[in-house]
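To start, the structure itself, in structure tokens.
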Protein chains: 2
Amino acid sequence: MAGVSRSTVSRVINGAPHVSAAARDAVHRAIARLGYSPNHAARTLAGRRANAIALVVSEPGSRVLADPFFAGVLRGVHAELAGQTQLVLMMNPSDDLVAYLSGGHVDGAIVVSLHGEDPLPQLLHDKGLPIVVGGRPLAGAVPYVDSDNFNGALEATRHLVSLGRTRIACVAGPRDMAVGRDRLSGWRRGMHGLPADLVEHADFTPQDGAKAMAALLDRAPDLDAVFVAADIMALGALKILHERGRRVPEDVAVVGFDDSVLAATAVPPLTTVRQDVERFGRTLTWRLLAELNGAEGLPPSILLPTELVHRDSA
Amino acid sequence: MAGVSRSTVSRVINGAPHVSAAARDAVHRAIARLGYSPNHAARTLAGRRANAIALVVSEPGSRVLADPFFAGVLRGVHAELAGQTQLVLMMNPSDDLVAYLSGGHVDGAIVVSLHGEDPLPQLLHDKGLPIVVGGRPLAGAVPYVDSDNFNGALEATRHLVSLGRTRIACVAGPRDMAVGRDRLSGWRRGMHGLPADLVEHADFTPQDGAKAMAALLDRAPDLDAVFVAADIMALGALKILHERGRRVPEDVAVVGFDDSVLAATAVPPLTTVRQDVERFGRTLTWRLLAELNGAEGLPPSILLPTELVHRDSA
DNA sequence: CGGATTTCTGGGAGCGCTCCCAGAGTGGTG
DNA sequence: CACCACTCTGGGAGCGCTCCCAGAAATCCG
């Protein structure tokens, strides 16, 4: 040691008050000299907090993980995390997930990519575990962070309308996710007055986007614009439009959503709605940590702004 | 409790021998009834193992995380992990990463997306921390798992040669990563006899792929095929070829690498080299856990097979 | 059927910290 | 100068487990 007791070292490391400058310096020097790093398990056991939060990906085998969206969120989460807190990754479903999470192994949890009316977040919340959901959950009253999908889709659709298009279709996301519903609602609102009948739902994959676009063209060969609720689906839609001899944007204007890396290199480059995914992750983490630190008056949910990015497809 | 002592419970949970069937059943029933879940911190502190492995992503702000490749690996890692072991995510660089990792907080580490001659894995290995690197490291003698990039690229190139193409270019990956170098070597070998001068290096982004393709066309307007060392770059390459009026595959045949979700929906659908990323992650984890469990005679490194997938672009 | 083995079980010690309490030192006030 | 703050420090207890050892019970052997 560095001439002081365990207690003093503990106080220094945890930044507690009532430590003399001399003692603090001595401890810091000793830490540097010994390459000491506090034992995570011991402090977790002794203190009442786990110094860890869980990131629960509620979709086992699947697209969300393979989505650049998730990667960006992950980056944001990590960036916001203080070095003291561990990030433990868990995937759902897992038989003992609820028991584990509410068993004091983590201080809180971030839950992402919920489907349908998954009771998981509400369950955890009821058990007293601080929780934040990434993306508005369809069921339950728990804190969440989401992009402003409704207004993003609204702005995208208004842009198409302002271009003079009148037969505007929509390739919507899955019905069982809020992100799918909210973007569809935004499109509906933007269509006000125009017939909003051309809708096809699809999963967030290029294949499904292609299938939906083909169905739309079969139903309405005269459509002159389409709002696709995700860039990754827009890629498939562009392929179909190309195969069927439609020029983009001359014959059919296309707007996507996400502004993923793919948007700029699509043929033609995609006009799309940008959401800042890294900020999404940072906000998620910030909200959770604030709650853990006992902050008062936190907003129950946070909506992050979106922004239309103009390129060539519309 | 269920009529037995702490020790017996511990033995049951850890599957130790010398426990009567009656006692085991009683404990299991009690566990189920109480919803008991053992405290991770306590067992880590008491036992000598941390019951956790680290996943170190050695690229802070970056593309690898946003790559479907990483997502697949993550899924594989998680699938292979026993429920007992936590997965702790860490990102490099971090000032105290080495101290933390070698401080007994984790039992082992998986390190992915190394650049250049990063000394990190060797450093950790020298400190006695079991480690496996995802993708052949350029420096150091540590266990690794990698796709057979060389033979994948070789097969891709031979396919182009067998098509009768003679001016075959290569959009290669970054020079400072083994994955970039190995795929380039495979292409060179496959070209045997043909002039292997048409090479442009690029980062694994569509933008960079486009830039490289444009440079290639400027240098050799007569090229009739190109091997692109990643699907994500091939997307950019296809865009340039389209803009410059080259038909694919009639004028220029294109083969990619990875068989990511993007390959099938490219225009035209991309012939590419498939690597099973989830298996990659599973293998990585399997190798690490085997070492942790004291397995003997483990192969120092493992090369996973690749497979050419025929679509329309070549 | 006694003794040697083997199977099973309980209790003690201790992992490395944090929390709490008590005591030593320092300064300010009536 | 006694008294009461207040700041700083050290030591004890204990977090929930695993490991080890010793003793009880069951099984085997000549």
Side-chain angles (χ1 to χ4, degrees), chain A residues 1-31 33-52 82-86 88 96 99-107 292-294, chain B residues 1-31 33-52 82-86 88 96 99-107 292-294:
Chain A
M1 288 254 188
V4 297
S5 75
R6 308 193 308 284
S7 304
T8 306
V9 175
S10 176
R11 274 185 280 262
V12 171
I13 290 177
N14 294 292
H18 308 316
V19 181
S20 68
R24 186 169 13 250
D25 283 359
V27 171
H28 277 140
R29 270 198 308 278
I31 287 178
R33 193 147 39 80
L34 269 52
Y36 168 86
S37 151
N39 184 302
H40 183 260
R43 43 193 338 198
T44 296
L45 186 57
R48 66 281 185 142
R49 61 190 320 173
N51 303 302
Q84 298 280 40
T85 306
Q86 283 193 348
V88 179
D96 52 355
Y100 183 88
L101 288 177
S102 50
H105 304 284
V106 295
D107 298 321
L292 293 184
N293 293 329
Chain B
M1 290 251 188
V4 297
S5 75
R6 309 195 306 283
S7 303
T8 306
V9 175
S10 175
R11 273 185 280 263
V12 171
I13 290 176
N14 294 290
H18 307 316
V19 180
S20 69
R24 183 165 22 244
D25 282 358
V27 171
H28 278 141
R29 270 198 308 276
I31 288 179
R33 192 148 38 81
L34 269 52
Y36 167 85
S37 150
N39 184 300
H40 183 261
R43 43 194 338 200
T44 296
L45 186 56
R48 67 279 186 143
R49 60 190 321 171
N51 302 303
Q84 297 279 39
T85 307
Q86 282 193 346
V88 178
D96 52 356
Y100 183 87
L101 288 178
S102 49
H105 304 285
V106 294
D107 298 320
L292 294 183
N293 292 328

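Naming convention: chains lettered A, B, ... in sequence-line order (proteins, then strands); numbering from 1 in each chain.
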field: Residues that B/Ala46 engages under side-chain contact (heavy atoms from CB on, under 4.5 Å), provided they are two or more places apart
entry: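 Residues passing side-chain contact (heavy atoms from CB on, under 4.5 Å) with B/Ala46: none at all.
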field: side-chain contact (heavy atoms from CB on, under 4.5 Å) against B/Arg49, all qualifying residues, sequence neighbours excluded
entry: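 Partners of B/Arg49 by the side-chain contact (heavy atoms from CB on, under 4.5 Å) criterion, ordered by chain and then number, come out as B/Asn51, B/Asp107, B/Leu292, B/Asn293.
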- request: State, to 0.1 Å, how close A/His105 and A/Ala52 come at their nearest heavy-atom pair, and which atoms those are.
  value: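 Shortest heavy-atom contact: O-CB, 4.4 Å.
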B/Val19 versus B/Ala23, closest heavy-atom pair with distance: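 What the structure gives for the nearest pair is CG1-CB, 4.1 Å.
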message: Restricting to side-chain hydrogen bond (donor to acceptor under 3.5 Å, both in side chains), what partner residues turn up for B/Arg11, sequence neighbours left out?
response: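 B/Arg11 satisfies side-chain hydrogen bond (donor to acceptor under 3.5 Å, both in side chains) with no residue once adjacent residues are dropped.
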- request: For the helix from C/dC1-D/dG30 to C/dG30-D/dC1, figure out the bend between the end axes, five pairs an end, and round to 10 degrees.
  value: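 Here the helix ends are tilted 40° relative to one another.
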message: In the structure I gave you, are the side-chain heavy atoms of B/Ile13 and B/Tyr36 within less than 4.5 Å of one another anywhere?
response: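 Yes, side chains in contact.
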task: List the protein contact pattern of nucleotides 15-20 of chain C with one symbol per nucleotide (5' to 3'): B for base contact, S for sugar-phosphate-only contact, - for none; contact means a heavy-atom distance under 4.0 Å.
output: BBBBB-
query: OP1 or OP2 of C/dT9 less than 4.0 angstrom from a side-chain nitrogen or oxygen of B/Ser20, does that happen here?
result: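 Yes, such a contact exists.
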- prompt: Do side-chain atoms of A/Thr44 reach the backbone of A/His40 as a donor and acceptor pair under 3.5 angstrom?
  reply: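 Yes: the side chain of A/Thr44 pairs with the backbone of A/His40.
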What pairs of nitrogen or oxygen atoms, one from the protein and one from nucleotides 25-28 of chain C, lie under 3.5 Å apart?
none

